[in-house]
Amino acid sequence: MNETEIYQVQTESFEGPLDLLLYLIRKNKMNILDVRISEITSEYLYYLQNCQGINPSQEGDFLMTASTLIYIKSRSLLPRAGSSQEESPEDKLIHTLIEYDKIQKISRLLREMENDTLLLWKREEISEHFENREFDIEEVSTFQLAEIFLNVIKKREKEEYLYLESKNYTIEHKIEEILGLLESNRYLNLFKYTESLDSIEEIMVSFFALLEMIKQHLVMALQKKNFDSISVWKKSPDPQLQ
Amino acid sequence: MTEDHPFNLDLIDRQIAFIESILFVSKEPIEPEKILNYLNCKNIGDFEKLISRMEAAYLDNGRGILLKRSGGGLQLVTKPEIHEHLKDFFTIKTSSKLTIPSLETLSIVAYRQPVTIAEISDLRSVNSIGPVKSLLQKKLIRISGRKKVPGLPLLYSTTQEFLLYFGLNDLSELPSLEELTEMFEEKEQPSLFKRNNQE
Amino acid sequence: MTEDHPFNLDLIDRQIAFIESILFVSKEPIEPEKILNYLNCKNIGDFEKLISRMEAAYLDNGRGILLKRSGGGLQLVTKPEIHEHLKDFFTIKTSSKLTIPSLETLSIVAYRQPVTIAEISDLRSVNSIGPVKSLLQKKLIRISGRKKVPGLPLLYSTTQEFLLYFGLNDLSELPSLEELTEMFEEKEQPSLFKRNNQE
């Protein structure tokens, strides 16, 4: 792989292992039906080792496919044991790739259709007030109903937190403060919250506290769409489920 | 849209089309100044002419809406003479609104049935007689017995109607809480920090 | 509005005005049958003429909206050529689009429905709970039952909202897989559509 290739590749990001595999197949001008798995295995591993375009939250999925590739490669090096009637892992992977290739095509088609309809604006597209809105019965899905019930139960798990304000900001204190705020509010509007803070220092400490809380699964941060305000929701373990 | 040819009919048409479209998508009235500025229209008289032209066009019998000037600005509304027909046409739908309290109550009945009002109120931390009544009226829940505790309070369950509305064959098709919590659990992000440090 | 004089121009105008007003107030598309029934219009051909007449009227350069048939219903929307101006006027930077994982998941649901999360994850070789959840919240897919295999996993299907979002009348308007392969055979550019779009 020469340097320009590596440079190009670094700007790529792959949605999953199959996306990367298809990319490598096309890059090497192979036909999906006639892929030499052993040839792309080392390239695949190269990308994985260098974290190129690998979404960290999907590392596991990439590794899974890596092990399949290595298994296929090792099988091709060893003499076949017995006469297996079932589909070989190689055929299975190729079949999956063919199917995924179709999925990508459909996705592209849907994207084109999406682009077309996004040009057409419906009424009241501007300014939506979700808070006091009423739902037509037909609008409510079972998923929403379940989601609402889950929220009711979570609200019930309220613990009374007391917190003291202090000018000496520490992450621990901030976590307690934010958790406290989340007790009295269903969620925290992050933009509004940071506006209420005194100093850059406090904002930064709050931000680290938030990252820590997300890491510890205490809260989750949601954003309806790009550039929208971020809302922070409390996550609490539900004893009913254990 | 910023060219400046007041007598160019095509431009006027396009400006009118533009004004119609912004009024159409916006829920609130829009201030004329905002439109004026956007169109880069320096002459208020020209703008007035544009608006009068629009108003005249909406007078056509084949139009169901009209341009209204209210305190806050310009707005599209339906013509008053159609109101009765609109009410008739939409009557069926207006009765079936569910508020958030109703939805919360319904979700509790669905997952905890049979359940008493006291239990619902307790879970919601709010007196829930109101939503229970409204759900009874909409036939989404029903009285299904009495609980054998002091006072023998009424028990509520969901109805056949409820299943129909939500397109369920039976209650077991509701997503379980386990399935739902699984979906709301954030995925592990162990390498988030590591990667940032590498750079 | 229930008189029966198909050649009465004034009546036709009033019917068109009525249709415009109900489409104007309704957030969702309205089924033609509902309007037909309300107008007591027995002849579908007459109704079709009415709609074509409306469609033609919206073509006028001075109109900012048009009549669209989608999800099996009628709906008013703004004209596509005004899109950029609307964005500028309301200072909206980008229209939010579905992410690639969501699109992939949606593609699978659309073509394989009803389908389980496990099947989706398997086809993508990536855990797909996240995109499924986000599509459920956007109402582009719905829970449509349980699969009769061990564990009784939930099944997912596309919704009416899905049709609306992509401007389809019904699922049969989606090309078959064979047609799709042909469509993309000439313009094979795998990395054109994707990239720089991460969850």
Side-chain angles (χ1 to χ4, degrees), chain A residues 11-19 21-23 26-27 53 55 57-58 60-62 64-65 68 93 96-97 99-127 136 138-139 141-144 146-147 224-228, chain C residues 24-28 66 68 70 75-83 86 90 92-98 100-101 103-104 106-108 110-111 122-127 136-137 139 142-143 159 164-168 174-175 177 180-181 183-184 188 190-199:
Chain A
T11 62
E12 309 270 0
S13 120
F14 300 100
E15 295 304 331
L18 299 179
D19 192 17
L21 279 178
L22 278 185
Y23 170 81
R26 293 197 175 108
K27 192 170 147 281
N55 185 338
S57 66
Q58 284 165 6
D61 297 314
F62 279 93
M64 276 284 277
T65 301
T68 308
L93 182 67
T96 312
L97 277 171
E99 288 303 304
Y100 185 71
D101 183 48
K102 287 181 197 160
I103 293 164
Q104 282 199 332
K105 284 184 174 128
I106 302 167
S107 301
R108 280 164 64 188
L109 174 75
L110 289 180
R111 175 67 93 213
E112 283 172 18
M113 288 160 61
E114 182 186 39
N115 286 338
D116 288 345
T117 51
L118 280 177
L119 296 179
L120 310 173
W121 296 40
K122 285 169 288 202
R123 269 212 83 203
E124 294 167 2
E125 201 116 310
I126 302 303
S127 100
D136 284 327
E138 302 95 84
E139 271 180 21
S141 63
T142 44
F143 173 72
Q144 261 184 305
E147 200 181 357
K224 250 188 222 135
K225 48 180 183 251
N226 276 349
F227 310 112
D228 236 354
Chain C
F24 177 79
V25 287
S26 168
K27 269 186 229 149
E28 272 93 51
L66 56 81
K68 193 183 154 222
S70 72
Q75 190 176 24
L76 293 179
V77 293
T78 59
K79 289 189 174 168
E81 60 265 32
I82 309 182
H83 173 71
L86 284 169
F90 292 108
I92 289 169
K93 296 252 159 39
T94 47
S95 350
S96 67
K97 291 187 190 174
L98 295 173
I100 304 264
L103 272 180
E104 287 186 1
L106 202 50
S107 306
I108 295 170
Y111 278 81
D122 196 44
L123 277 165
R124 295 185 59 225
S125 295
V126 173
N127 181 326
L136 277 168
Q137 280 171 335
K139 293 194 179 162
R142 67 188 168 88
I143 296 164
T159 60
L164 293 180
Y165 188 82
F166 292 102
L168 293 163
L174 280 177
L177 285 181
L180 207 76
T181 324
M183 279 170 67
F184 285 103
E188 194 59 49
S191 38
L192 180 94
F193 126 94
K194 52 167 41 254
R195 311 302 167 216
N196 68 47
N197 201 337
Q198 265 184 301
E199 277 277 69

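These numbers were taken from a predicted model, which means no experiment stands behind them. Lettering of chains follows the sequences in order, A, B, ..., and the numbering in each one begins at 1.
The contact between C/Lys68 and chain A is made entirely by side chain atoms (from C-beta outward), counting heavy-atom distances below 4.5 Å. Of the two parts of A/Glu99, only the side chain, counted from C-beta on, holds a non-hydrogen atom closer than 4.5 Å to a non-hydrogen atom of chain C. For a residue to count as touching a neighbouring chain, one of its non-hydrogen atoms must lie under 4.5 Å from one of that chain's; by this rule A/Asn115 touches chain C with the side chain only. With a 4.5 Å cut-off on non-hydrogen atoms, C/Tyr111 touches chain A through its side chain but not through its backbone. Proximity to chain A involves both the backbone and the side chain of C/Gln137, based on heavy atoms less than 4.5 angstrom apart. Only the side chain of C/Leu177 comes within less than 4.5 Å of a heavy atom in chain A; its backbone stays farther off.
Of the listed residues (A/Leu110, A/Thr117, A/Thr65), the greatest number of heavy-atom pairs within a distance under 4.5 Å of chain C belongs to A/Leu110. Among C/Ile143, C/Leu168, C/Leu164, the residue with the largest count of heavy-atom pairs under 4.5 Å with chain A is C/Ile143.
Minimum heavy-atom separation, A/Ile103 to C/Ser107: O-OG, 3.8 Å.
With C/Thr159 contributing its side chain and C/Arg142 its backbone, the two residues share no donor-acceptor pair below 3.5 Å. In this structure, the side chain of A/Arg123 does not engage the main chain of C/Ser26 through any donor-acceptor pair within 3.5 Å.
Considering only heavy atoms from C-beta on, A/Phe143 stays 4.5 Å or farther from C/Lys139 through its side chain. Between C/Arg124 and A/Asp61, every side-chain heavy-atom pair lies at or beyond the 4.5 Å cut-off.
Counting non-hydrogen atoms of neighbouring residues, nucleotides and ligands closer than 6.0 angstrom, the CE atom of A/Met64 reaches no more than 12 such neighbours.
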